[in-house]
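What follows is a set of notes on a single structure, which appears directly below.
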Amino acid sequence: MSKVFYKPIDQEVEVLLASYKLKLPLLLKGPTGCGKSRFVEAMAEKLKLKMYTVACNDETSAADLLGRYLVKGSETIWQDGPVTTAVRNGGILYLDEIAEAREDIISVLHSLSDHRRELYIDRHNETLSAPDDFMMIVSFNPGYQQSFKEMKPSTRQRFISLAFDYPEFDVETEIIQIESGLDLNKTKTLVKLSNNIRKLDELGLAETVSTRLIVGTAKLINNGLHPRLACDVGMVQSLSDDLETSRALKDLVSLSF
Ligand SMILES: Nc1ncnc2c1ncn2[C@@H]1O[C@H](COP(=O)(O)OP(=O)(O)O)[C@@H](O)[C@H]1O
Ligand SMILES: [Mg+2]
């Protein structure tokens with residue numbers, strides 16, 4: 001099995017290890033594509049824990065998380081949801097974009113996220129205690145403008161909070177090189193260009209260039225696509241559907257490549 005590549009940006013590894021040891025749940029906040037999921041994958045591997053990821057949205061139900069009865073022929077059988085499986089078996093439960101889930105769904109997890117570390121499954125009339133090797137991690141994107149969703153303070157204060165952001169120039173350059181195989185010079189040009197786009201507040205982009213977008217674009221360039229075309233399909237078109245905005249972004253690209 002190949003090792004998950006993760007380049008630490010700050011002291012997140014130390015914080016996660018301490019939280020795991022102390023059995024405190026962790027909240028990762030930061031923009032999309034900045035390495036939150038990759039970080040959890042790498043830490044799960046390091047701690048030799050299985051990782052259970054649940055992508056939350058406004059239709060996520062308690063049954064999606066905890067489990068449901070299924071009809072099979074003449075029988076009804078209980079099927080654990082991912083949260084229940086993680087609590088039964090141990091491992092890292094990663095609830096991605098937790099703020100997208102409804103508040104009443106989040107509250108189902110309250111007893112799991114405090115000192116009780118218990119999960120009550122009312123439909124199945126069962127209470128599970130989390131084993132020592134269970135850890136709950138959630139992610140939250142505070143700048144996500146489409147949703148305007150916030151987390152209630154009563155929920156937020158259950159977690160140790162780690163703020164993520166795009167890495168500084170040298171670190172991001174190294175990440176892009178390793179992830180894409182692109183040569184150092186072109187990678188530096190691409191990361192510089194991305195940082196210039198990130199500075200452009202006046203474009204009013206909902207989200208700016210993420211490390212993920214740079215990785216994808218770098219892979220396209222490394223695969224022989226012309227850098228301008230790669231930047232257009234890998235970045236510009238992903239950032240905006242507005243003609244004028246994409247023209248401004250393309251102008252910026254053409255100054256670099
Ligand atoms: N610190 C990092 N180390 C290694 N790869 C990273 C790092 N940060 C970002 N990446 C790259 O960016 C991509 C997107 O990161 P991801 O963890 O999926 O973002 P998020 O979960 O924050 O939306 C990853 O697939 C990886 O290629
Ligand atoms: Mg993610």
Side-chain angles (χ1 to χ4, degrees), residues 1-17 25-47 49-57 60 82 86 91-101 135-147 149 151 159-182 184 186-188 190-195 197-198 205-223 230-231 233-235 238-239:
M1 202 180 77
S2 70
K3 262 185 91 70
V4 176
F5 165 64
Y6 180 73
K7 168 99 185 155
I9 295 173
D10 198 352
Q11 297 201 273
E12 64 272 26
V13 173
E14 289 82 349
V15 173
L16 187 144
L17 292 175
L26 190 63
L27 178 144
L28 313 180
K29 55 174 177 176
T32 185
C34 70
K36 300 183 297 297
S37 297
R38 178 64 70 90
F39 169 58
V40 180
E41 282 161 32
M43 295 305 290
E45 182 178 74
K46 184 180 167 75
L47 291 165
L49 296 173
K50 210 170 150 74
M51 176 176 166
Y52 302 86
T53 301
V54 183
C56 301
N57 58 62
T60 302
I92 294 182
L93 171 65
Y94 183 51
L95 298 163
D96 212 356
E97 296 291 353
I98 182 105
E100 297 299 305
M135 179 175 193
M136 178 166 160
I137 305 181
V138 304
S139 84
F140 166 55
N141 184 350
Y144 199 46
Q145 297 189 352
Q146 275 88 355
S147 78
K149 280 179 185 157
M151 279 176 80
F159 296 89
I160 303 293
S161 299
L162 255 179
F164 275 67
D165 207 346
Y166 306 122
E168 52 142 284
F169 186 81
D170 289 340
V171 176
E172 193 163 39
T173 300
E174 188 185 333
I175 294 171
I176 305 303
Q177 259 208 301
I178 292 176
E179 288 285 286
S180 70
L182 189 64
L184 183 61
K186 287 202 188 97
T187 304
K188 280 187 169 172
L190 196 57
V191 176
K192 255 182 224 148
L193 165 67
S194 306
N195 280 322
I197 295 176
R198 286 171 183 162
L205 300 172
E207 291 251 301
T208 190
V209 189
S210 63
T211 307
R212 177 188 290 124
L213 283 190
I214 312 177
V215 169
T217 306
K219 282 182 177 169
L220 291 174
I221 299 173
N222 196 40
N223 203 51
C231 288
V233 298
M235 286 182 178
S238 307
L239 292 174

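A quick note: this is a predicted structure, and the numbers were derived from the prediction, not measured. Start at 1 and go down the list; that is how both ligands and their atoms are numbered.
Among all non-hydrogen protein atoms, the one lying nearest atom 18 (O) of ligand 1 is Arg212 NH2, 2.8 Å. The protein atom (non-hydrogen) at minimum distance from atom 19 (O) of ligand 1 is Gly35 N, 3.1 Å. Given atom 3 (N) of ligand 1, the protein heavy atom at minimum distance is Lys7 N, 3.0 Å. Closest to atom 27 (O) of ligand 1, if we only count protein heavy atoms, is Glu179 OE1, 2.4 Å. In this structure, atom 17 (O) of ligand 1 lies nearest to the protein heavy atom Arg38 N, 2.8 Å. For atom 23 (O) of ligand 1, the closest non-hydrogen atom on the protein side is Gly33 N, 2.7 Å. Of all protein heavy atoms, the one closest to atom 7 (C) of ligand 1 is Ile175 CD1, 3.7 Å.
The closest side-chain heavy-atom distance from Phe39 to Val13 is below 4.5 Å. Side-chain contact between Asp165 and Asp10 is absent, with no heavy-atom pair separated by less than 4.5 Å. With contacts defined as side-chain heavy-atom distances shorter than 4.5 Å, the pair Cys231/Leu190 qualifies. Residues Ile197 and Thr208 are in side-chain contact: their nearest non-hydrogen atoms beyond the backbone lie under 4.5 Å apart. Using a 4.5 Å cut-off on side-chain heavy atoms (C-beta onward), Thr217 and Ile176 make no contact. Between Val138 and Glu97 the shortest side-chain heavy-atom distance does not fall below 4.5 Å.
Distances below 4.0 Å separate heavy atoms of Val215 from the following atoms of ligand 1: 27 (O). Atoms of ligand 1 lying under 4.0 Å from any heavy atom of Thr211, numbered from 1 in the order shown and given with element: 9 (C), 10 (N), 12 (O). Below 4.0 Å from some heavy atom of Thr32 lie the following atoms of ligand 1, by number and element: 23 (O).
Residue Phe39 does not touch ligand 1, judged by heavy-atom distances below 4.0 Å.
A salt bridge links Glu172 to Arg198: at least one charged side-chain nitrogen sits closer than 4.0 Å to a carboxylate oxygen. A salt bridge links Arg38 with Glu179: at least one charged nitrogen is closer than 4.0 Å to a carboxylate oxygen.
Considering both main-chain and side-chain atoms, Phe5 never comes within under 3.5 Å of ligand 1 through any nitrogen or oxygen pair. Residue Cys34 places at least one N or O, backbone or side chain, under 3.5 Å from an N or O of ligand 1. The distance criterion of under 3.5 Å between nitrogen or oxygen atoms is not met by Pro8 with respect to ligand 1.
Leu239 and Leu205 get closest at one heavy-atom pair: O-CD2, 3.8 Å.
At least one donor-acceptor pair closer than 3.5 Å links the side chain of Lys36 to the backbone N or O of Gly30.
Among the backbone and side-chain atoms of Thr32, none of the N, O or S atoms lies under 2.8 Å from the Mg ion (ligand 2).
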